[in-house]
Enquirer: 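Before I ask anything, let me first share the structure, which is written out below as structure tokens.
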Amino acid sequence: MADTKYILRYLPLFYEELEEKVVYIAETLKNPQAANNLLDLVESAILERLPNAESFERYRSLKERRYPYYRIYTKNFVIYYVVVDDEGPEKIMEVRRFLYNGQNRDVNI
């Protein structure tokens, strides 16, 4: 696994959920600095995970899934991603969801 190169891809839903949380923090909570810090933290956490995307524990979902989910915890949020390995010679780390840690994950992902 150490020699595996991963391509990074994001689903639009991830961007929508991230934007929703960032706008809430910046505008409703009136803390734009915290919103920017969250964006930086999310970006660095994803990029740090990219070289070793499959080296972490899989998320145990109640649903049967084509690709197993993995998690990245950042502050009070969880980033969910899968590794797609059937679209060519390279593996894809596909970032799919950005949820508040308190949300019911089995309903949402």
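Here, residue 1 is the first one in the sequence, and each next residue gets the next number.
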Enquirer: Residues in side chain to side chain donor-acceptor pair (under 3.5 Å) with Asn37, at least two apart?
Expert: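 Asn37: side chain to side chain donor-acceptor pair (under 3.5 Å) contacts with Gln33.
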Enquirer: Verify the distance criterion only: is there a donor paired with an acceptor across the side chains of Arg71 and Tyr73 at less than 3.5 Å?
Expert: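 On atom types as modelled, these side chains qualify, holding a pair under 3.5 Å.
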Enquirer: Is there a side-chain contact between Tyr6 and Ile92 in this structure, where contact means two heavy atoms from C-beta onward sitting under 4.5 Å apart?
Expert: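 The answer is no; the side chains never approach within 4.5 Å.
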Enquirer: List the steps and the verdict of side chain to side chain contact (heavy atoms under 4.5 Å, CB included) for Ile72 and Val78.
Expert: CA-CA 6 Å; Ile72 304 171; Val78 184; over 6 Å; no
Enquirer: Leu8: what forms a side chain to side chain contact (heavy atoms under 4.5 Å, CB included) with it, not counting sequence neighbours?
Expert: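 Only Tyr10, Ile46, Leu47, Leu50, Met93, Val95 meet the side chain to side chain contact (heavy atoms under 4.5 Å, CB included) criterion with Leu8.
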Enquirer: Report the residues that fulfil ring pair (Phe, Tyr, Trp, His ring centres under 6.0 Å) with Phe77, sequence neighbours left out, ordered by chain and then residue number.
Expert: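 Result, ring pair (Phe, Tyr, Trp, His ring centres under 6.0 Å) vs Phe77: Phe98, Tyr100.
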Enquirer: Go through the structure and list residues passing side chain to side chain donor-acceptor pair (under 3.5 Å) with Glu57, not counting sequence neighbours.
Expert: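 If we apply the side chain to side chain donor-acceptor pair (under 3.5 Å) test to Glu57, skipping adjacent residues, there are no hits.
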Enquirer: Tell me every residue that passes side chain to side chain contact (heavy atoms under 4.5 Å, CB included) with Asp86, counting only those two or more places apart in sequence or in another chain.
Expert: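 For Asp86, the residues satisfying side chain to side chain contact (heavy atoms under 4.5 Å, CB included) (neighbours in sequence not counted) are Arg66, Tyr67, Val84.
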Enquirer: Using the test salt bridge (Lys or Arg N to Asp or Glu O under 4.0 Å), find all partners of Arg9 that sit at least two apart in sequence or belong to another chain.
Expert: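 Only Glu87, Glu94 meet the salt bridge (Lys or Arg N to Asp or Glu O under 4.0 Å) criterion with Arg9.
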Enquirer: For Asp40, which residues count as a salt bridge (Lys or Arg N to Asp or Glu O under 4.0 Å) partner, sequence neighbours excluded?
Expert: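 Testing Asp40 for salt bridge (Lys or Arg N to Asp or Glu O under 4.0 Å), a comparison that skips the adjacent residues, returns none.
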Enquirer: Strictly distance-based, threshold 3.5 Å: is any side-chain N or O of Tyr59 a donor or acceptor partner for the main-chain N or O of Tyr81?
Expert: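 No; judged by distance alone, with no hydrogens or angles, the pair does not exist.
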Enquirer: Minimum heavy-atom separation for Val82 and Pro68, please, with both atom names.
Expert: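 Smallest heavy-atom distance, with atoms named: CG1-O, 3.5 Å.
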Enquirer: Under a 4.5 Å side-chain heavy-atom rule over Ile, Leu, Val, Met, Phe, Trp and Tyr, are Leu99 and Leu41 clustered together?
Expert: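 Unlinked, Leu99 and Leu41 end up in two clusters.
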Enquirer: For residues Leu39 and Phe14: do they belong to one hydrophobic cluster (side chain heavy atoms under 4.5 Å, members Ile, Leu, Val, Met, Phe, Trp, Tyr)?
Expert: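 Looking at the clustering, Phe14 is in the same group as Leu39.
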Enquirer: For Arg58 and Tyr70, test the side chains for any donor-to-acceptor distance below 3.5 angstrom and give the result as yes or no.
Expert: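 The criterion, which ignores hydrogens and geometry beyond distance, is satisfied for Tyr70 and Arg58.
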Enquirer: Report the distance from atom CD of Glu43 to atom OG1 of Thr74, rounding to the nearest 0.5 Å.
Expert: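 Answer for the CD-OG1 pair, Glu43 versus Thr74, is 12.5 Å.
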Enquirer: Tell me, please, whether Phe56 has Arg49 positioned over its six-membered ring: NZ or CZ under 6.0 Å from the ring centre and within 45 degrees of its axis?
Expert: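 Checked: cation-pi criterion met.
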Enquirer: For residues 23-32, please give each side-chain donor-acceptor pair under 3.5 Å, one per line with the distance, not counting sequence neighbours.
Expert:
residue	atom	partner	partner atom	Å
Lys30	NZ	Glu27	O	3.3
Asn31	OD1	Ala34	N	3.1

Enquirer: Evaluate Lys5 against Lys91 for side chain to side chain contact (heavy atoms under 4.5 Å, CB included), listing each step before the verdict.
Expert: CA-CA 7 Å; Lys5 300 281 189 216; Lys91 293 185 176 188; over 6 Å; no
Enquirer: May I have the step-by-step check of salt bridge (Lys or Arg N to Asp or Glu O under 4.0 Å) for Arg97 and Glu17, ending in yes or no?
Expert: CA-CA 7 Å; Arg97 303 297 305 268; Glu17 291 172 341; 2.3 Å; yes
